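Fair warning: this is a prediction, and the values are worked out from it, not measured in the lab.
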Amino acid sequence: MKLRRKTAHTPWALSICPAFANEDTLLTYPETKRVDVVDNHFGTTIADPYRWLENDVRRDPDVAAWIDAQNRITRSHLADLPGREVFRARLTELFDFERLTAPDKKGNRYFFTRNSGLANQETLVVREGLDGQDRVLIDPNSWSEDGANALAEWSASEDGSRVAFATQEGGTDWRTIRVLDVETGTLLEDEIAWVRFTSISWATDGTGFFYSRFPEPEKGKVFEATVAGHAVYFHALGTPQSQDRLVYATPEQPHLLHFAGVTEDGRYVITYSSPGSGGSALTVLDLTGEDRKPHALVEDFEHYWSVVGNVGTKLFLTTQKGAERGKIVALDLGDTQPQFTDIVAENEAVLSSASLLGGRLIVCYFVDAKTKIERFKLDGTPDGVIDLPGIGSAGGFHGRAADDEAFFVFTSHNAPTTIYRYDVTTNTKSPWAEPKVAIDLDRIVVEQRFYASKDGTKVPMFIVRRKDVTGPAPTLLYGYGGFAISMIPFYSPASLAWVEQGGAFAVASIRGGGEYGKSWHDAGRRENKQNVFDDFIAAGEYLKAEGITPPDGLAIQGESNGGLLVGAVVNQRPDLFAAALPGVGVMDMLRFHRFTGGQLWMQDFGDPAKERDFRNLLSYSPYHTIQANGAYPAILVTTADTDDRVVPGHSFKYVAALQAADLGARPRLLRVDTRAGHGAGKPTDKMIEEFADMWAFAARWTGLEIETRT
């Protein structure tokens with residue numbers, strides 16, 4: 001049986017208050033009040049009639065009522081869409097497979113997370129020995145009725161006797177750290193509050209751990225608290241948080257983030273300090289030294305640095321300084337005047353990560369957004385490659401500098417994430433956890449193509465389809481384009497639900513990411529941000545020109561910075577797209593820096609308080625560049641009331657402005673999740689419901705025919 005998109009014979013209803021017809025039902029948007037708010041930026045007057053929607057839904061009943069009205073009309077529209085229940089049922093089947101993370105060996109114990117399939121949250125599991133029994137240590141699925149409380153960061157002590165873990169409630173970025181006795185399963189009394197953007201790193205003697213937190217927010221303003229005053233502390237087990245020792249802070253630069261990690265031998269604490277993107281400074285604290293004070297290794301934020309490991313006083317690091325695609329250097333802290341020396345030189349591939357394992361440097365590279373892995377001796381001599389099971393993404397090595405045993409992951413668009421056990425001495429691997437999925441992946445074909453952007457730059461794009469789909473097919477195009485985050489092959493049950501129905505799924509590795517190193521990132525940030533939009537628009541044009549996508553069959557999706565991407569390109573080329581799915585997007589580019597962690601994004605976006613940056617931001621800000629009239633694609637905006645990363649006011653204001661404009665007959669709707677944040681920790685059932693809504697919406701407007709059986 002096929003459920004086909006019907007042609008509406010009833011003409012669209014157009015009036016002063018825009019409306020749309022959903023087959024036989026006429027829907028109108030909720031009324032949104034306008035306020036008289038005007039700002040003057042460098043002589044330019046900017047009206048902001050929906051600023052009241054920036055208010056916290058928890059404290060403003062008008063905002064709460066507006067969200068409720070928006071959700072009602074959206075739920076009514078989505079519930080009637082052909083194929084929604086088909087997608088929901090199939091997504092449930094596709095998500096129902098065991099998912100594990102690479103194990104972390106501490107003592108003789110192996111720690112990893114596991115989701116049995118449809119559990120809302122991952123559990124923390126310990127295995128006694130490589131072939132021993134598994135035991136669940138922490139199960140957050142029992143923490144709340146709606147499954148929205150999650151296990152976040154965690155770390156086991158060196159002897160495997162304790163686990164420090166962070167809890168996340170309802171999708172918020174705030175964390176609380178607790179400590180568990182692994183042997184007995186009992187919680188210790190230690191409790192650390194006001195943790196946000198942190199790593200957890202144990203002292204090797206197990207007496208405590210290093211972590212990062214903020215000052216306690218003003219009472220009643222936890223949700224909108226600004227990201228300022230981040231600092232690294234050491235917590236000694238058995239003591240109150242008030243006695244935690246301050247390790248590193250920069251009060252003169254309050255908007256920096258600081259992350260600390262202890263080297264494997266326990267001697268050094270390495271702290272990374274970052275303004276949000278663009279690079280990091282490094283400091284080192286020698287725990288065997290007399291002064292016990294951090295000393296600067298790198299003081300600027302121009303380049304990315306990462307400590308791979310150490311042998312005695314010699315540190316091995318990756319860097320982009322003097323090597324836009326990355327290289328490995330060494331620094332001997334035992335020297336009177338330590339100097340960085342090259343170990344593994346830059347090459348044509350982009351260095352993505354490195355590990356010190358079994359006396360070897362294991363280096364992961366991107367080659368046109370695909371992974372290859374090479375081995376080197378510690379003096380930089382090449383030592384072979386690690387053969388991968390296919391074309392895809394690999395890395396995330398877990399192991400120790402002196403051990404032969406390590407674990408890593410491999411995934412691709414048509415290969416679910418598999419954990420491999422790797423023997424460094426013999427350079428051999430074997431599957432350690434290989435999931436079984438409810439889809440015949442032999443039916444799926446993945447190809448990589450290259451297309452020309454507006455300025456002639458060649459941009460890679462992955463295209464995923466069924467083997468039997470050779471003609472134009474409704475297409476979902478996904479992108480991000482920022483913060484040096486690379487769009488590499490990954491297994492997505494959600495995208496396969498679309499592909500299985502005969503659609504195409506495309507991922508464009510546009511500028512702003514890290515696919516080709518620092519220059520690729522720089523070419524898509526600040527004054528170069530328009531390149532990101534040009535790349536994405538060119539991807540859509542290519543898909544149509546090559547006959548992959550029909551003339552009115554292209555839907556676009558992106559989240560966070562990708563939500564900004566979708567909003568911007570819709571305003572610039574509304575004719576190109578049939579549907580748009582911007583999620584948790586940064587939509588007001590003149591005020592993003594005023595909320596929570598927005599100041600951290602200025603390295604990528606620029607500073608609205610500077611005229612040159614303001615002019616550039618205004619040129620593409622989704623909220624400010626909506627066309628006065630014209631035919632827009634169908635738009636479903638998704639966000640969450642607990643998102644304290646990109647506050648939902650961005651999406652609220654954007655939707656209000658869309659609904660107030662005369663943009664044609666297709667709907668412009670808002671979907672607001674409850675007790676869900678920016679994405680991390682979102683329960684499985686909420687993800688399934690959201691994807692079912694988005695895919696049914698996109699199918700309705702791209703013409704995808706939904707089958708109950710495939």
Side-chain angles (χ1 to χ4, degrees), residues 91-144 146-157 160-169 171 175 177-187 200 393-399 405-412 415-422 429-439 490-494 496 679-688:
L91 283 161
T92 300
E93 294 173 343
L94 290 172
F95 270 90
D96 192 8
F97 67 97
E98 187 178 54
R99 301 181 291 280
L100 277 66
T101 56
D104 196 11
K105 183 181 180 182
K106 295 297 175 70
N108 193 42
R109 288 170 166 155
Y110 294 79
F111 297 84
F112 54 94
T113 63
R114 178 173 64 202
N115 189 311
S116 58
L118 295 177
N120 277 324
Q121 301 294 343
E122 296 179 341
T123 60
L124 181 63
V125 176
V126 63
R127 178 176 296 181
E128 303 286 348
L130 183 63
D131 300 315
Q133 294 295 314
D134 292 349
R135 176 164 55 97
V136 174
L137 287 177
I138 300 171
D139 183 3
N141 292 289
S142 63
W143 290 351
S144 62
D146 62 358
N149 293 350
L151 171 69
E153 297 80 12
W154 60 272
S155 177
S157 61
S161 65
R162 301 280 191 272
V163 171
F165 66 96
T167 62
Q168 176 191 24
E169 295 190 8
R175 309 284 197 261
I177 297 178
R178 302 298 308 272
V179 181
L180 183 80
D181 183 293
V182 174
E183 188 65 35
T184 65
T186 58
L187 282 174
I200 302 173
S393 306
F397 280 87
H398 284 211
E405 180 186 59
F407 298 86
F408 70 94
V409 301
F410 176 83
T411 184
S412 192
T417 301
T418 298
I419 313 298
Y420 285 88
R421 183 172 181 264
Y422 176 64
K429 66 184 185 301
S430 58
W432 184 78
E434 194 169 15
K436 294 179 174 59
V437 294
I439 182 173
F490 62 95
Y491 185 77
S492 168
L496 288 175
K682 179 175 285 190
T684 301
D685 58 5
K686 284 183 180 288
M687 288 194 290
I688 290 172

Exercise. So which heavy atom on I200 is nearest to which on A166, and how close?
Worked result: CD1-N, 4.4 Å

Problem set entry | Check: E405 side chain, R421 main-chain N or O, donor-acceptor pair, under 3.5 Å | no

For this session: Side-chain contact test, heavy atoms from C-beta onward, threshold under 4.5 Å: evaluate it for R178 versus F165 and give yes or no.
Result: yes

Problem set entry | Straight-line distance of L118 CG to N141 CG, nearest 0.5 Å | 11.0 Å

Exercise. Where do N120 and W143 land on the side-chain contact (heavy atoms from CB on, under 4.5 Å) test, with the steps shown first?
Worked result: CA-CA 11 Å; N120 277 324; W143 290 351; over 6 Å; no

Exercise. Does a salt bridge link E128 with R109, judged by any charged N lying under 4.0 Å from a carboxylate O?
Worked result: yes

Exercise. Closest heavy-atom contact between L180 and G185?
Worked result: CD1-O, 3.3 Å

Problem set entry | Donor-acceptor contact present, side-chain R99 to main-chain S116, <3.5 Å | no

Exercise. Any donor-acceptor pair under 3.5 Å linking the side chain of Q168 with the backbone of A680?
Worked result: yes

For this session: Kindly determine whether Y491 and L496 satisfy side-chain contact (heavy atoms from CB on, under 4.5 Å), including the steps that lead there.
Result: CA-CA 9 Å; Y491 185 77; L496 288 175; 3.3 Å; yes

For this session: Look at the aromatic rings of W432 and F112 and report parallel, tilted or perpendicular, splitting at 30° and 60°.
Result: perpendicular

Exercise. Do side-chain atoms of D134 reach the backbone of R127 as a donor and acceptor pair under 3.5 angstrom?
Worked result: no

Problem set entry | Nearest heavy atoms of F407 and A102, plus distance in Å | CB-CB, 4.2 Å

Exercise. Does Q121 reach the main-chain N or O of G681 with its side chain, forming a donor-acceptor pair under 3.5 Å?
Worked result: yes

For this session: Output the distance between atom CD1 (I419) and atom CZ (F410), rounded to the nearest 0.5 Å.
Result: 12.0 Å

Seminar exercise, completed: L91 and P493 have their tightest heavy-atom pair at CD2-O, 4.3 Å

Exercise. Pick one: which of D104, L100, T101, L137 meets side chain to side chain contact (heavy atoms under 4.5 Å, CB included) with T113?
Worked result: T101

Exercise. With distance as the sole test, does D139 use its side chain to make a donor-acceptor pair with the main-chain N or O of T123 at under 3.5 Å?
Worked result: no

For this session: Using atom types as modelled and distance alone, determine if a side-chain donor or acceptor of K429 lies under 3.5 Å from a backbone N or O of Y420.
Result: no

Exercise. Rounded to the nearest 0.5 Å, what separation is found between the CD atom of E98 and the OG1 atom of T417?
Worked result: 12.5 Å

Exercise. When you check the side-chain N and O atoms of D181 and T184, is any donor under 3.5 Å from an acceptor?
Worked result: yes

Exercise. When rounded to the nearest 0.5 angstrom, what distance separates CZ in R162 from NZ in K106?
Worked result: 14.5 Å

Exercise. Less than 4.5 Å apart, any side-chain heavy atom of I439 and any of L94?
Worked result: yes

Exercise. Can any side-chain N or O of T411 pair as donor or acceptor with the backbone N or O of A415 at less than 3.5 Å?
Worked result: yes

Exercise. Can you name the ring pair (Phe, Tyr, Trp, His ring centres under 6.0 Å) partners of F397, sequence neighbours left out?
Worked result: F408

For this session: Ignoring hydrogens and angles, tell me if any N or O in the side chain of T684 forms a donor-acceptor pair with the backbone of A119 under 3.5 Å.
Result: yes

Exercise. If every non-hydrogen atom of N115 is compared with every non-hydrogen atom of G117, which pair is closest and at what distance?
Worked result: OD1-N, 2.8 Å

For this session: Could you pull out the closest heavy-atom pair between F97 and P435, with the gap in Å?
Result: CD1-CB, 3.7 Å

